[in-house]
Amino acid sequence: MNRITNLFETKKNGILSVYFTAGYPQLNDTVTILKELEKKGINSVEVGIPFSDPMADGPVIQEAATQALRNGMSLHILFDQLKDIRKEVQIPIILMGYLNPIMQFSFEAFCKKCAEVGVDGVIIPDLPFADYMADYKETADRYDLKMIMLITPETSEERIRLIDEHTSGFIYMVSSAAITGTQQSFDDQKQAYFRRINGMNLQNPRLVGFGISNKATFEAASSNSSGAIIGSKFVQLLKSEPTAAAAIDKLLEALKN
């Protein structure tokens, strides 16, 4: 069974997924960070593929991607780093990246390598849903890769139901139409959006991302979904703390207080 499917079948709420950029802060930090995240009880991980034009990302993740590219990170290096990861890490691993570097690698070859190293899912923010259905779904399904689609407060109910019908794993519920970044709280409008989507009774579980950084935002997100994804906050901590373990401890502390 795909590890994403297994996670949502065994844990119905309070799921914590953490994002970090491959090759940041240092080129060879990827495996260390993955091992520490599992050790500290994180439920799943999104590994960002650095790209020079990350349109959905805020300044923190943009800076991390720029540094990772300067460090020499590439998809070839990332797959090489992950080749033995399933000997040590069992939580779901999702790669998040933009279409350009994936297409340069070749989508078929990308999916094949994901399956070989044990990647469970992929998020491609700039892949239109219609293109996914026409050109990519068959290949992803053949390699048992969950293609995770994003929805925002502006996504129509018709589109949401189409995504729900034709994907599996989970739906990435973006908290706002803005770029990634941290927030101290979610206003009434955002919480009404969470409740509206929750009331649609979709077949796929949902995780809320963008803006999760503390106990208030994590609890608000989790109250109307299966949990939340934290990115910018953790990337900031990787920069400011001396080790990955210390960064994770600081993150978990922020979610409790």
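Just so we're clear, the structure is a prediction, and the values are computed from it rather than from any experiment. What you see below is based on every heavy atom in this structure, not just the backbone, and it leaves out hydrogens, waters and symmetry mates. Positions are given from 1 along the sequence.
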Side chains of [Y] and [X]: any donor to acceptor distance under 3.5 Å?
X	Y	value
R196	N224	no
K190	S175	no
Y143	E108	yes
D29	T32	no

For this session: Show your reasoning for whether side chain to side chain contact (heavy atoms under 4.5 Å, CB included) applies to T152 and T155.
Result: CA-CA 5 Å; T152 76; T155 307; 3.5 Å; yes
Can you name the nearest heavy-atom pair linking [X] to [Y], along with the distance?
X	Y	result
M73	T30	CE-OG1, 4.0 Å
L207	S226	CD2-C, 3.9 Å
H166	Y132	O-OH, 3.3 Å
G169	I148	CA-CD1, 4.4 Å
P50	G48	CD-O, 3.4 Å
A254	S213	CB-O, 3.9 Å

Any donor-acceptor pair under 3.5 Å linking the side chain of [X] with the backbone of [Y]?
X	Y	answer
R3	I91	no
Q90	R86	yes
T167	I163	yes
E219	N214	no
N71	P25	yes
E36	I248	no
D120	L145	no
N204	D164	yes
T21	Y24	no

When you compare the side chain of [Y] with that of [X], does any pair of heavy atoms fall below 4.5 Å?
X	Y	answer
K112	S106	no
N43	K11	yes
L255	K215	no
K239	Q67	no
L252	I42	yes
Y172	M149	no
L237	S240	yes
I151	Y193	yes

[atom1]-[atom2] distance between [X] and [Y], expressed to the nearest 0.5 angstrom:
X	Y	atom1	atom2	value
I102	C111	CD1	SG	8.5 Å
F105	I49	CZ	CD1	9.5 Å
F51	L75	CZ	CG	11.0 Å
K233	K250	NZ	NZ	8.5 Å
I94	C114	CD1	SG	11.0 Å
I229	R206	CD1	CZ	12.0 Å

Exercise. Should K146 and V122 be marked as a side chain to side chain contact (heavy atoms under 4.5 Å, CB included) after you check the CA-CA gap, both sets of side-chain angles, and the distance that decides it?
Worked result: CA-CA 6 Å; K146 305 298 184 187; V122 180; over 6 Å; no
Exercise. Can the ring centroids of F8 and F170 be said to lie less than 6.0 angstrom from one another?
Worked result: yes
Inspect the contact between [Y] and [X] and indicate whether a charged nitrogen and a carboxylate oxygen are less than 4.0 angstrom apart.
X	Y	value
K113	E116	yes
D249	K40	yes
E165	R161	no

Exercise. Counting only heavy atoms not in Q203, do more than 12 sit closer than 6.0 Å to its CD atom?
Worked result: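 Enclosed.
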Exercise. Checking side chain to side chain contact (heavy atoms under 4.5 Å, CB included) for the pair F107/Y136: CA distance, chi angles, key distance, verdict?
Worked result: CA-CA 8 Å; F107 188 72; Y136 299 92; 3.5 Å; yes
For this session: List the steps and the verdict of side chain to side chain contact (heavy atoms under 4.5 Å, CB included) for T66 and R70.
Result: CA-CA 6 Å; T66 299; R70 285 197 191 115; 3.7 Å; yes
Problem set entry | Path from V47 to L69 over hydrophobic side-chain contacts below 4.5 Å | no
